[in-house]
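Worksheet for the structure shown next.
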Amino acid sequence: MNIRNENQSDYRSVEEMIKKTFWNLYVPGCNEHYFAHQVRKNKDYIPELDFVLEEDGKIIGHILYVKAKLVSKDGIQKDILSFGPFTIHPDYQRKGYGRKLLNHSLNIAKKMGYDTVVIWGNPENYACYGFKNCKRYNVCIEEGVYPVALMVKVLKEDALSNKHWKYIESSAHQLDESGFEAFDSSFEHMEKGYSYTQELFYIYSKSNVIR
């Protein structure tokens, strides 16, 4: 197993893996491979935190990060991180590869001076990695709104200092999908379909913690 920074020559194989992994997972089809393609062009993209995981020379995992912000009620602004898509090839899932890749990237992030990561994700996938619901750290997306799917991990115990914060996501997450069809047409055709995970995603993405 080897973890290294992604190179430009890896882009296509990584994007093919992302499409294969996310297809029909959250919605019929997916756009995560296009999202990764576009994120690398954004000002908030961090090349030093763009990693691939290889097994026997084959790329089986990938994670990339962007800069984001937290703003406290008293006006303090804090630079933080967000990541996604976070991908492990379907044939290699539930074997510990995801944990190794994520921990490696978080260790590098901490060395770079970051102490907080905020993501949108399935709590069932991320609670085991030490992520907690945003309400536990008083991180909202607007006053009093604490989404179930907004997860926070602190890399330093007192990182959020008991303040109330608003999460400001990167402009990279405002995906312009106008070029998606042309981009996706060069990939293997896959049929759209229904999966029970789409209903779980809908529930999590529309739910808030109120207490």
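The residues of the chain are indexed from 1 along the displayed sequence. Small disclaimer: the values here were computed from a predicted structure and weren't measured.
- Phe131 does not carry Arg136 over the face of its six-membered ring by the limits of under 6.0 Å from the centre and within 45° of the normal.
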Problem set entry | Step-by-step side chain to side chain contact (heavy atoms under 4.5 Å, CB included) determination, Val71 to Ile76 | CA-CA 6 Å; Val71 179; Ile76 294 175; over 6 Å; no
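- The residue from Tyr34, Tyr11, Phe35 that alone fulfils the ring pair (Phe, Tyr, Trp, His ring centres under 6.0 Å) condition with Phe183 is Tyr34.
- We find that Lys69 and Asp44 are not joined by a salt bridge, their nearest charged nitrogen and carboxylate oxygen being 4.0 Å or further apart.
- Annotation for Tyr202: atom OH does not count as buried by contact number, only 12 or fewer foreign heavy atoms lying within 6.0 Å.
- The line from CE of Met1 to CD of Glu55 is 7.5 Å long, rounded to the nearest 0.5 Å.
- Side chain to side chain, Ser9 and Asn7 fail the donor-acceptor criterion of an N or O pair below 3.5 Å.
- Using a cut-off of 4.0 Å between Lys/Arg side-chain N and Asp/Glu carboxylate O, Asp79 and Lys67 are scored as not salt-bridged.
- Counted by atom type alone, Asp50 and His62 present one or more donor-acceptor pairs between their side chains at under 3.5 Å.
- Residues Glu124 and Tyr204 have side chains that bring a donor and an acceptor to within less than 3.5 angstrom of each other.
- Using a 4.0 Å cut-off between charged side-chain N and carboxylate O, Lys73 and Glu143 make a salt bridge.
- A donor-acceptor pair is defined here as one N or O able to donate and one able to accept, closer than 3.5 Å; no such pair exists between the side chain of Lys153 and the backbone of Val118.
- The residues Lys166 and Glu142 are annotated as not salt-bridged, no charged nitrogen and carboxylate oxygen being separated by less than 4.0 angstrom.
- When all heavy atoms of Asn133 and Val209 are compared, the pair lying nearest together is OD1-CG2, 3.4 Å.
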